[in-house]
Participant: 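One structure, as structure tokens, below. Some questions next.
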Amino acid sequence: EDPAPLVDRLAIQRGFDVPLLFGVLTARWPTDSEEGFYPPHPLGGSRIAYNTAILLDSSGRVLGSYDKNVLLPFGEFVPLSGWLYRTFGLNFFEMIPSAGNIHAGQEAAVMELPLVRDGVEMTVRIGPMICYEDIISDYGLALAEQRPNLFVNIINDGWFEESSAAYHHLDF
């Protein structure tokens with residue numbers, strides 16, 4: 001059986017013509033000043049990785065992105081890993097390759113989604129949160145100051161599997 005054409009396999013919105021907000025890992029190469037600042041990760045080399053929300057319009061154009069600001073210690077990053085690497089040459093990730101190596105975004109950011117409903121043009125301001133950012137009051141307040149019309153929390157609690165952790169997150 002022939003695989004689907006490449007364009008179909010790459011289309012995020014295949015079969016849909018609605019806006020889409022989703023989470024993804026993004027990465028960039030370190031700048032010259034960052035080179036050697038962070039330990040290389042065996043699963044990701046020296047790339048700088050982010051937990052990112054991306055907003056697409058109904059035709060698939062990227063309207064905005066947001067890098068998670070408040071990271072979960074040990075799940076998404078190892079506290080002091082950069083300092084241990086620079087000071088002692090200790091690469092924590094060589095010892096525990098499954099440790100998180102995500103970098104924090106720098107600011108709360110509202111994304112704007114232009115819409116036309118019944119011939120009326122409007123803009124919906126979306127305040128994205130990723131995972132546990134929804135329980136961090138300082139982050140929520142910083143985002144609220146930008147006056148979003150809607151808060152959206154992108155989360156995958158599936159990695160908790162059969163534990164009660166997903167229910168605890170919902171309670172928070």
Side-chain angles (χ1 to χ4, degrees), residues 1-31 34 41 43-45 47-77 100-172:
E1 180 176 358
D2 290 332
L6 181 60
V7 69
D8 287 342
R9 287 182 278 143
L10 297 178
I12 294 171
Q13 292 174 293
R14 181 178 46 233
F16 297 97
D17 61 356
V18 297
L20 179 63
L21 178 64
F22 61 97
V24 64
L25 287 178
T26 58
R28 66 173 175 81
W29 295 109
T31 63
E34 292 172 325
H41 195 288
L43 301 178
R47 291 176 295 196
I48 309 289
Y50 298 93
N51 188 347
T52 303
I54 299 196
L55 176 64
L56 302 179
D57 70 6
S58 59
S59 64
R61 289 179 301 157
V62 175
L63 296 180
S65 68
Y66 160 73
D67 296 323
K68 184 177 181 186
N69 286 209
V70 184
L71 302 178
L72 188 63
F74 298 101
E76 292 176 308
F77 79 103
N101 192 27
I102 303 294
H103 294 261
Q106 299 303 308
E107 61 187 345
V110 169
M111 293 187 230
E112 294 190 346
L113 175 63
L115 295 174
V116 177
R117 292 287 186 250
D118 299 324
V120 177
E121 293 183 17
M122 64 182 82
T123 299
V124 177
R125 295 174 48 80
I126 300 170
M129 297 178 169
I130 299 176
C131 197
Y132 280 100
E133 286 180 327
D134 64 348
I135 64 170
I136 308 299
S137 60
D138 287 345
Y139 175 76
L141 289 171
L143 191 56
E145 287 174 358
Q146 296 183 40
R147 310 206 34 98
N149 302 109
L150 171 72
F151 290 99
V152 176
N153 185 24
I154 298 172
I155 184 165
N156 176 6
D157 276 343
W159 65 279
F160 290 131
E161 295 182 357
E162 299 299 318
S163 79
S164 62
Y167 300 104
H168 290 283
H169 188 187
L170 179 60
D171 287 341
F172 295 152

Participant: Search all heavy atoms of P30 against all heavy atoms of R47 and return the closest pair with its distance.
Facilitator: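 Looking at all heavy atoms of both residues, the closest pair is CD-CA, 4.4 Å.
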Participant: Say you draw a straight line from CD of E112 to CG of N149; how long is it, rounded to the nearest 0.5 Å?
Facilitator: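 Answer rounded to 0.5 Å: 9.0 Å.
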Participant: Rounded to the nearest 0.5 Å, what separation is found between the CZ atom of R125 and the CZ atom of R147?
Facilitator: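 Reported to 0.5 Å precision, the distance equals 9.0 Å.
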Participant: CG of L71 to OH of Y132: how many Å apart, nearest 0.5 Å?
Facilitator: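 Reported value, rounded in 0.5 Å steps: 14.0 Å.
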Participant: Could you go step by step and tell me if F151 and D134 meet the side-chain contact (heavy atoms from CB on, under 4.5 Å) rule?
Facilitator: CA-CA 9 Å; F151 290 99; D134 64 348; over 6 Å; no
Participant: Is a side-chain donor or acceptor of Q106 paired with a backbone partner of A104 at a separation under 3.5 angstrom?
Facilitator: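 Looks like yes, one N/O pair under 3.5 Å.
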Participant: Looking at P128 and A53, what are the two nearest heavy atoms and their distance?
Facilitator: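 Smallest interatomic distance, heavy atoms only, reads CB-CB, 4.5 Å.
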Participant: Determine whether a donor-acceptor pair (N or O, by modelled atom type, separation under 3.5 Å) exists between the side chain of R28 and the backbone of Y50.
Facilitator: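 Looks like no, no N/O pair under 3.5 Å.
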Participant: Strictly distance-based, threshold 3.5 Å: is any side-chain N or O of E133 a donor or acceptor partner for the main-chain N or O of N69?
Facilitator: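 Yes; judged by distance alone, with no hydrogens or angles, the pair exists.
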Participant: Looking at side-chain heavy atoms only, is the closest gap between I102 and L25 below 4.5 Å?
Facilitator: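 I102 vs L25: side chains touch.
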Participant: Tell me the closest heavy-atom pair linking E121 and V116, and the distance in Å.
Facilitator: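 That closest heavy-atom pairing would be CG-CG2, 3.8 Å.
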Participant: Any heavy-atom pair between the side chains of I154 and F22 that's under 4.5 Å?
Facilitator: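 A side-chain contact is absent here, since even the closest heavy-atom pair is not under 4.5 Å.
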Participant: So, using ring pair (Phe, Tyr, Trp, His ring centres under 6.0 Å) as the criterion, who are the partners of Y139 when residues are at least two apart?
Facilitator: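 Here no residue qualifies.
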Participant: First locate atom CG of L72, then atom CD1 of I136, and finally report the distance between them rounded to the nearest 0.5 Å.
Facilitator: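 The distance works out to 9.0 Å.
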Participant: If every non-hydrogen atom of I54 is compared with every non-hydrogen atom of V24, which pair is closest and at what distance?
Facilitator: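 The pair with the smallest heavy-atom distance is CD1-CG1, 3.8 Å.
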Participant: Determine the minimum heavy-atom distance between P148 and L143, stating which atoms define it.
Facilitator: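 Where P148 meets L143 most closely, the heavy atoms are CD-O, 3.4 Å.
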Participant: Can you tell me how far apart CG (L56) and CG (L63) are? Round to the nearest 0.5 Å.
Facilitator: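 Separation between the atoms: 7.0 Å.
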Participant: When rounded to the nearest 0.5 angstrom, what is the spacing between CG in L20 and CG in L55?
Facilitator: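 Reported value, rounded in 0.5 Å steps: 8.0 Å.
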Participant: Pick one: which of D57, L113, I126 meets side chain to side chain contact (heavy atoms under 4.5 Å, CB included) with P19?
Facilitator: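 Testing P19 for a side chain to side chain contact (heavy atoms under 4.5 Å, CB included) against D57, L113, I126 leaves exactly one candidate, L113.
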Participant: Show the nearest heavy-atom pair for residues M129 and G140, with the distance to one decimal.
Facilitator: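 Here M129 and G140 meet closest at CE-CA, 3.9 Å.
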